[in-house]
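Read the structure below first, then the notes.
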Amino acid sequence: MKTIIINYGAGNIQSIKFALQRLGVEAVLSNNAEEIRNADKVIFPGVGEASSAMQKLRESQLDEVIPTLQQPVLGICLGMQLMCNSSEEGNTQGLGIFDTEVVRFSPTVKVPQIGWNTIQNLKSELFEGVRENEYMYLVHSYYAKKSSEMIAESEYDIQYASALQKDNFYGVQFHPEKSSKAGSIILENFLKL
Amino acid sequence: MLTKRIIPCLDIKNGRTVKGVNFVNLRDAGDPVELAKIYADEGADELVFLDISATEERRKTLQKLVLDVAAQVDIPFTVGGGISSVEDVDRMLQAGADKVSINSAAVKRPELINELSSKFGNQCIVVAIDAKQIDGEWFVHLVGGKVPTDIKLFDWAQEVEQRGAGEILFTSMNNDGTKNGFANEALAKLSEIVNIPIIASGGAGNMQHFQDTFVDGKADAALAASVFHFKEIPIPALKHYLKNNGINVRI
């Protein structure tokens, strides 16, 4: 099995690589369209600012590649946000895989949200063996609005989508690679898809 | 609901933990990776590694440590100590650190905060502030609190937020090492005047102090070193204590 972590210069790739290593999987970093298309599993990470990350995707034409992938794809954090229709951050048009918008938390709460929050209403094989209200580590200032593709939700300021799924595309706002044992179960479930 | 975080801080010199630790189950008391793994297993929410070495090789040694921690520890961690440039931060993040903390370098050249947050995002930039209360007024101090400045704490906190800090790690030099509790009045004021998370540091002596800093000090996270290293406060017991007292923590 070949697992690719999309390497487009926006993200803490090392942590994901190490988390997969702890599960016995040696992932390959790549921004090559052909290599990504031929992988069994694709992880789409992302940390930082939405419009510049989207710009980097466009530069390597990955904005056209990602939405056409057929194998299981897991977007993490900003990766998940870029898979939505749009993000308020930098007025960014997303990949349009998930039919929802990404908007900023209101100033009634501290922004960014940093720390461990619970995930509820779990609805996917991704969460097999993960209890309701399990804690996940999150760091973000923008969130995806609830939608019919939501497979987990969390509450900060309001209820929002902390995970989404459409067909072979999965997205999580939290960092499974940094979320202790429960996080590694989610990564393991993804690798088993 | 977002939980309050408990953060052990490990002082590092030449790749080894500095303060004596009292873990009987440690094979090598000076190995930061082993200690980090134990804290992660015990339920620590994050870790901070503060490098205090002053050798030529410090960068390489620290980078190696960050790689080792990232490979073996599955909770987030911050690296601080002597980080003063975009290149330093890039190196640490590439090696797998989740956040970096900057202190003196930000005071000397505040634009550094802007540069770092625009390049890496504000979520990974922690600005550490050491301050001392003198005649009722809080002043920022440098070099581990030894060198006073005329910068006022609350002005500086607002400035670092505006420049793009994602979080503030506030250490009260009046409280640090006293074991008499955190500087809750100043902490609560910080939470009122800025809208980014505040990590309380300095003064932890017992479990009630953590409770107080989350309630009275409105802190989002609490950091301590010796009470954890010497097993005076085991993290699992602390978290149960907090939960029983109505504080939302991850157990």
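Within every chain, numbering begins at 1; the chains are lettered A, B, ... in the order of the sequence lines, protein sequences first and strands thereafter.
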Determine the option with the most heavy-atom pairs under 4.5 angstrom with chain A, choosing from Val194(B), Leu67(B), Asn122(B).
Leu67(B)
Are Gln14(A) and Leu93(B) close enough, and set up right, to give a side chain to side chain contact (heavy atoms under 4.5 Å, CB included), and what steps lead you there?
CA-CA 8 Å; Gln14(A) 199 66 260; Leu93(B) 297 178; over 6 Å; no
Leu138(A), Val111(A), Val139(A) screened by side-chain contact (heavy atoms from CB on, under 4.5 Å) with Gln123(B), the one that passes
Val139(A)
State whether the number of non-hydrogen atoms from other residues, nucleotides or ligands found under 6.0 Å of Gln93(A) atom CD is greater than 12.
no
Taking all non-hydrogen atoms of both residues, which atom of Lys218(B) and which atom of Lys110(A) are closest, and how far apart?
O-NZ, 4.2 Å
Where the side chain of Tyr135(A) meets the backbone of Val249(B), is there a donor-acceptor pair that is under 3.5 Å apart?
yes
Above 12 or not: heavy atoms from other molecules or residues under 6.0 Å from CD of Glu59(A)?
yes
Step by step, would you call Ser180(A) with Arg250(B) a side chain to side chain contact (heavy atoms under 4.5 Å, CB included)?
CA-CA 11 Å; Ser180(A) 198; Arg250(B) 176 179 71 107; 4.1 Å; yes
Does Leu2(B) reach the side chain of Glu155(A), with side-chain heavy atoms less than 4.5 Å apart?
no
Walk me through whether Lys99(B) and Ile114(A) qualify under side chain to side chain contact (heavy atoms under 4.5 Å, CB included).
CA-CA 11 Å; Lys99(B) 302 186 252 185; Ile114(A) 298 183; 3.6 Å; yes
Could you have a look at Ala97(B), Ala71(B), Ala221(B) and say which one has the most heavy-atom pairs with chain A under 4.5 angstrom?
Ala71(B)
For Met1(A), does the CE atom sit with more than 12 other heavy atoms under 6.0 Å from it, leaving out its own atoms?
yes
Any chance you could measure Lys181(A), atom NZ, to Ile75(B), atom CD1, to the nearest 0.5 Å?
9.5 Å
Go through the atoms of Gln72(B) and report whether side chain, backbone, both or neither lie under 4.5 Å from a heavy atom of chain A.
backbone
Side chain from CB out, backbone as N, CA, C, O: work out which of these in Ala95(B) comes under 4.5 Å of a heavy atom of chain A, or both, or neither.
backbone
If I measure from the heavy atoms of chain A, does Ile251(B) come under 4.5 Å with its side chain, its backbone, both, or neither?
backbone
Who among Pro197(B), Pro76(B), Ala70(B), Gly166(B) has the most heavy-atom pairs with chain A under 4.5 Å?
Pro76(B)
Separation between CG (Asp74(B)) and CD (Glu177(A)), nearest 0.5 Å, reads 10.5 Å
Taking 4.0 angstrom as the limit, do Asp98(B) and Lys178(A) come out as a salt bridge?
yes
Lys243(B) NZ: over 12 foreign heavy atoms closer than 6.0 Å
no
Highest number of heavy-atom pairs under 4.5 Å with chain A among Ala40(B), Gly96(B), Gly121(B) belongs to Gly96(B)
What part of Lys17(A) gets within 4.5 angstrom of chain B, counting heavy atoms only: side chain, backbone, both, or neither?
neither
Please check if the number of heavy atoms outside Asn91(A) that lie under 6.0 Å from its CG is greater than 12.
no
So how far is it from Glu49(A) CD to Ser118(B) OG, rounded to the nearest 0.5 Å?
9.5 Å
Nearest 0.5 angstrom please: Met1(B) CE to Gln120(A) CD, how far?
12.0 Å
Non-hydrogen atoms of chain A under 4.5 Å away: do they reach the side chain of Ser117(B), the backbone, both or neither?
neither
Side chain proximity check, Pro112(A) to Ile196(B), heavy atoms < 4.5 angstrom:
yes
Would the distance check show the side chain of Asn195(B) and the main-chain N or O of Val109(A) forming a donor-acceptor pair, the cut-off being under 3.5 Å?
yes
Mind ranking Trp116(A), Tyr156(A), Phe18(A) by heavy-atom pairs under 4.5 Å with chain B and telling me who comes out on top?
Trp116(A)
Tell me, side chain or backbone of Ser179(A) under 4.5 Å from chain B's heavy atoms, or both, or neither?
backbone
